[in-house]
There are 2 protein chains.
Amino acid sequence: MRSAGIREVARLSGVSIATVSRVFNDAASVRPDTQQRVLEQAAALGYEPSSLGRNLVRGRSELLGLIVPNVSFPLYGQMIGGIEDVLGHRGMSMLLASSHDDAVSELTAAQKVLRHAVDGGVVINTQSDVALPAPRGMNWVHISPEHSGLPYRVELDNAAGGRLAAREFLRLGRRHLAYIGAPGRESSERQHGFAGELSRAGLDYRRAQGDYSELSGTQAADDLLEKSSVLDAVFVAGDLMAAGVLRALHMRGLRVPGEVAVIGFDDAALASLLYPRLTSIRQPAYAMGAAAAELSLRLIGGHSAESVVFSPELVRRESTGPP
Amino acid sequence: MRSAGIREVARLSGVSIATVSRVFNDAASVRPDTQQRVLEQAAALGYEPSSLGRNLVRGRSELLGLIVPNVSFPLYGQMIGGIEDVLGHRGMSMLLASSHDDAVSELTAAQKVLRHAVDGGVVINTQSDVALPAPRGMNWVHISPEHSGLPYRVELDNAAGGRLAAREFLRLGRRHLAYIGAPGRESSERQHGFAGELSRAGLDYRRAQGDYSELSGTQAADDLLEKSSVLDAVFVAGDLMAAGVLRALHMRGLRVPGEVAVIGFDDAALASLLYPRLTSIRQPAYAMGAAAAELSLRLIGGHSAESVVFSPELVRRESTGPP
DNA sequence: TTGTAAGCGTTATCAG
DNA sequence: CTGATAACGCTTACAA
C-alpha cells in the first residue's frame, strides 16, 4: 500500500494536482485559502512530495556521492563530517560507498553511486590513476594527494608539513634526525619538505621505511636504532606508525622526549592518547571535507571552481621538548 | 545536456525501449544477438539505466537510510562497514546522516533520509525515546542498548561483558576490584553483570563514575586511588576512559598489570595501541552492523524478522596478567 | 522474442 | 490564480 500521492490530495481538496505542486514549491503564486486547504489535506493524509518523482522531472537527485577508502578510519570520518555539515545546510544528502583501498572496488563504488544519478561526488584518496566515470555535467572532487590531471582537488601541503617538523626539531636543538616514511606520494612529499629544511641548516638525516602500520613503525625504528646509535629526533609519516615508534623507543628504555623526540603526522585522535602524548602535524580533515563539499556544490550549481590547498599545522604535545 | 537514455540506445540498436529494458533486467527473455547489439550500443553510449526512473515505477529506491551519532567514532565506522558489505551484495546503497548525539538532529536526519524514499533504515544509538517517523511499510532497525518498545533491535549483551571481566579478574587472583562507569543504560548493564559475578564469589567492589572521556577516566582512577590504597583491578566501561585510567596509574608509578590490572570495553582500534596494550571486552561492531542490515533487508522484503543479541568476547592483551 | 502503450509521482509550460 | 497536459526515464502487462 503506497502512501498518499499528489492526486489524492488534489482530489480531496478540490484543486488540480498542479496547484498542490505549487503549494509545495513556489507557494507565493497560490491564494492563501486554497493553500491552506491543500496543506490541511496534505497533513491529514500524511502527504509529502516524493523526491523520486520530483527528481525525475528535474533531472537532479539532491544527492552527493561519496567514496571513501574505509569508513572506520577516523581521519576520513572527520572529512565526512565536514562534508555532511556543508551539505546539510543546502538540503542535500550523502550517498556513501567504500573503495576498500582498491581501484576495482573504487570503480564499482562509483558506478553504484552514479546509478542513483548523484548531482556531484567526492572521492577521498582515489586509488585509480584514470578519472572515474562521470556523466556529462557531473564532476568528481578529489580529496587526495595531487594526482596528474584531476581538475578539482582538495589537498594538503605535505611538504609544508615536513618543513614544520624539521624546524621544530632544529628549534629544540636536535641534530641527529631520521625520517620514517611509507610508500606513496604523500610520504615522499613530506620527506621532501623535511629534507629541504634540514639541508638549509646543513644537516643530513637517516631514513627508514614502513607501511603506515604500527608494527612497521616499531620495525623501522628498531632498524634505525641498530645502525645509528646517535639519534635524537624522529619524524614519522603517520600517527599509527609513530605509535609503533614510541613503543620501540620504550622497549629500549629510551626516554621521550628526553633522549629522542618524535613527531607524527595527521594528528589523529589517537595522537593525544598515546604515552607520551604525540606531537603531530595536523591535517585539517574536517575543513578539507567541508571545502570539498563547497567545491562540489559550486560545480553542481554550474559555477567555476578552483582546487584548494590546505596548510598543515604543528600541534605540540609531550613527545617533543628540550633534550 | 543529459546523458544517453534508454530511447537513444533503443533507436541506435534498432529495437524498442522495452527490449532495452529487458536486456538490463531479465536478460533471459531476449535473443542473444539482439541482446549483444543492445549491450554494445549501451556500452558505446555509456548508458546505464537510471535508478530514478526504475525506482519510480517500482516504488522502491534501493536506498537504506543510516543515522549515526558521529561518523568519526571508529566503532560506528566498523558498524557502517558491516552494513555496507551486506547491502553491496544486494545492490543497495546507503544514505548517511548524523544525529550528532542529539534527539533533535536525529529527527532532522531521519526526515532528510525519508525524503529520499529509502526502503529501510538503520539508526545507531538512537537519542530519542519516541519512535522515529516512518511511512507505511518502512521500518527502522536500531543498533542500540535496549529501548522500550522498539521492535527491531540489534544489541550487545552488556551484562555478559561485565561477567567476562569479573571472571577474568577472579581467575587472575585479583581481589580488590573497582568499576568505572558512565551515565546511561549500557554502563549500568555492564556494571550489573560485573557485580553479579563478583557477589557470587563473595566479593565487593568500589565504584567511580566518568563520562567515557579520557580525562574522566584519569579523574575517576585518581579518586579511587586516593580513597582505597588497595586496588589491584579496574574494569572500565569504555576504552577511551581506560586510556585515561592507564595514564593515572602510570603517573602514580603503579605497574600494569603487575600491581593493577585493567580491562576496557569495546575493543576499539585504540585498545591495542595503548601502552600497555589494553585487554578489552570486544563488541563485534562489524557483525552487528551486518546483522542490522540483514534485518532491514528482511523487513524490506516483507519477511518477518527478529531482534538479535550479540555476545561480547574477552580479548586478552598486556593490561591483564598475573599480579 | 519483440513491440505498443499505460503508467509511476512529480514539475513546468501554456492557456485561461 | 488555476487547470490541462506534456514531459522525465523507466518497467511491465498485453498483444503480436
Side-chain angles (χ1 to χ4, degrees), chain A residues 1-39 41-42 45-63 114-119 135-138, chain B residues 1-39 41-42 45-63 91 114-119 135-137:
Chain A
M1 186 208 239
R2 292 180 127 92
S3 34
I6 196 172
R7 275 173 246 279
E8 193 115 359
V9 181
R11 196 167 48 77
L12 264 51
S13 38
V15 298
S16 74
I17 61 169
T19 300
V20 177
S21 173
R22 279 192 275 263
V23 169
F24 282 90
N25 294 285
D26 63 339
S29 74
V30 47
R31 228 172 41 205
D33 57 322
T34 321
Q35 195 180 138
Q36 175 163 5
R37 214 158 9 116
V38 170
L39 250 21
Q41 274 303 330
L45 272 65
Y47 166 79
E48 284 234 33
S50 139
S51 24
L52 243 41
R54 162 180 299 168
N55 293 333
L56 179 60
V57 57
R58 290 219 250 228
R60 314 179 65 253
S61 60
E62 305 198 317
L63 246 32
L114 288 176
R115 307 187 83 251
H116 288 273
V118 294
D119 298 333
R136 278 185 284 285
M138 186 271 188
Chain B
M1 187 203 240
R2 292 179 127 94
S3 36
I6 197 173
R7 277 173 245 278
E8 193 114 358
V9 179
R11 195 167 49 77
L12 264 51
S13 38
V15 299
S16 74
I17 63 169
T19 301
V20 176
S21 172
R22 279 191 275 263
V23 168
F24 282 90
N25 294 286
D26 63 339
S29 74
V30 46
R31 225 170 46 202
D33 58 322
T34 321
Q35 195 179 141
Q36 176 164 2
R37 213 156 12 113
V38 170
L39 250 21
Q41 274 305 329
L45 272 64
Y47 168 79
E48 286 234 32
S50 141
S51 24
L52 241 42
R54 161 179 300 168
N55 293 332
L56 180 59
V57 56
R58 294 208 199 163
R60 314 176 67 252
S61 62
E62 305 197 316
L63 247 31
L114 254 23
R115 306 189 68 247
H116 289 271
V118 293
D119 298 332
R136 276 186 286 287

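The chains referred to below are lettered A, B, ... by the order of the sequence lines, with proteins before strands, and numbering in each begins at 1. Hydrogens, waters and symmetry mates are skipped; everything else that's a heavy atom, side chains included, is used.
In terms of heavy-atom proximity, A:Leu63 sits nearest to B:His116 at CD1-CE1, 3.1 Å. B:Val118 and B:Ser61 make their closest contact through CA-OG, 3.4 Å (heavy atoms, listed as atom of the first residue, atom of the second, distance). Of all non-hydrogen atoms in A:Ala10 and A:Ser16, the two that sit nearest each other are CB-C, 3.8 Å.
Which of C:dG3, C:dT10, D:dG3 sits closest to the side chain of A:Val15 comes down to D:dG3. Distance from the side chain of B:Asn25 is smallest to D:dT11 among C:dT2, D:dG9, D:dT11.
Not one N or O on the side chain of B:Ser13 forms a donor-acceptor pair closer than 3.5 Å with the backbone of B:Arg37. Between the side chain of A:Ser50 and the main chain of A:Leu52, a donor-acceptor pair closer than 3.5 Å is present.
Contact between the side-chain N/O atoms of B:Thr34 and the OP1/OP2 oxygens of C:dT1 is not found at any separation under 4.0 Å. One finds no side-chain N or O of B:Arg31 lying less than 4.0 angstrom from the OP1 or OP2 phosphate oxygen of C:dT1. Of the side-chain N and O atoms in A:Ser21, one or more sit less than 4.0 angstrom from OP1 or OP2 of C:dT11.
The residue B:Ser50 sits close only to the backbone: its heavy atoms come under 4.0 Å of sugar-phosphate atoms, none of a base. The residue B:Thr19 sits close only to the backbone: its heavy atoms come under 4.0 Å of sugar-phosphate atoms, none of a base. Here A:Glu48 lies in heavy-atom contact (under 4.0 Å) with sugar-phosphate atoms only. At the heavy-atom level, B:Ser51 lies nowhere under 4.0 Å from the strands shown. Using a 4.0 Å heavy-atom criterion, one finds that A:Ile6 contacts the bases of the nucleic acid, with or without backbone contacts as well.
Sequence order on DNA chain C of the closest nucleotides to A:Ala18 and A:Arg7 puts A:Arg7 first from the 5' end.
If you take CG of B:Leu56 and C1' of C:dC8, they are 4 Å apart, rounded to a whole angstrom. In this structure, B:Tyr47 atom OH and D:dG9 atom P are separated by 10 Å, rounded to whole Å. Rounding to whole angstrom units, CZ of residue A:Phe24 and P of C:dA12 are separated by 15 Å. A:Arg60 has its CZ atom 11 Å from the P atom of C:dA12, to the nearest Å. Straight-line distance from the CZ atom of A:Arg58 to the P atom of C:dC8: 21 Å, rounded to whole Å. Atom CD1 of A:Ile17 is separated from atom P of C:dG9 by 11 Å (rounded to the nearest Å). In this structure, B:Asn55 places its CG atom 16 Å from C1' of C:dG7, rounding to the nearest Å. Rounded to whole angstrom, the span from the CG atom of B:Leu52 across to the C1' atom of C:dT11 amounts to 13 Å.
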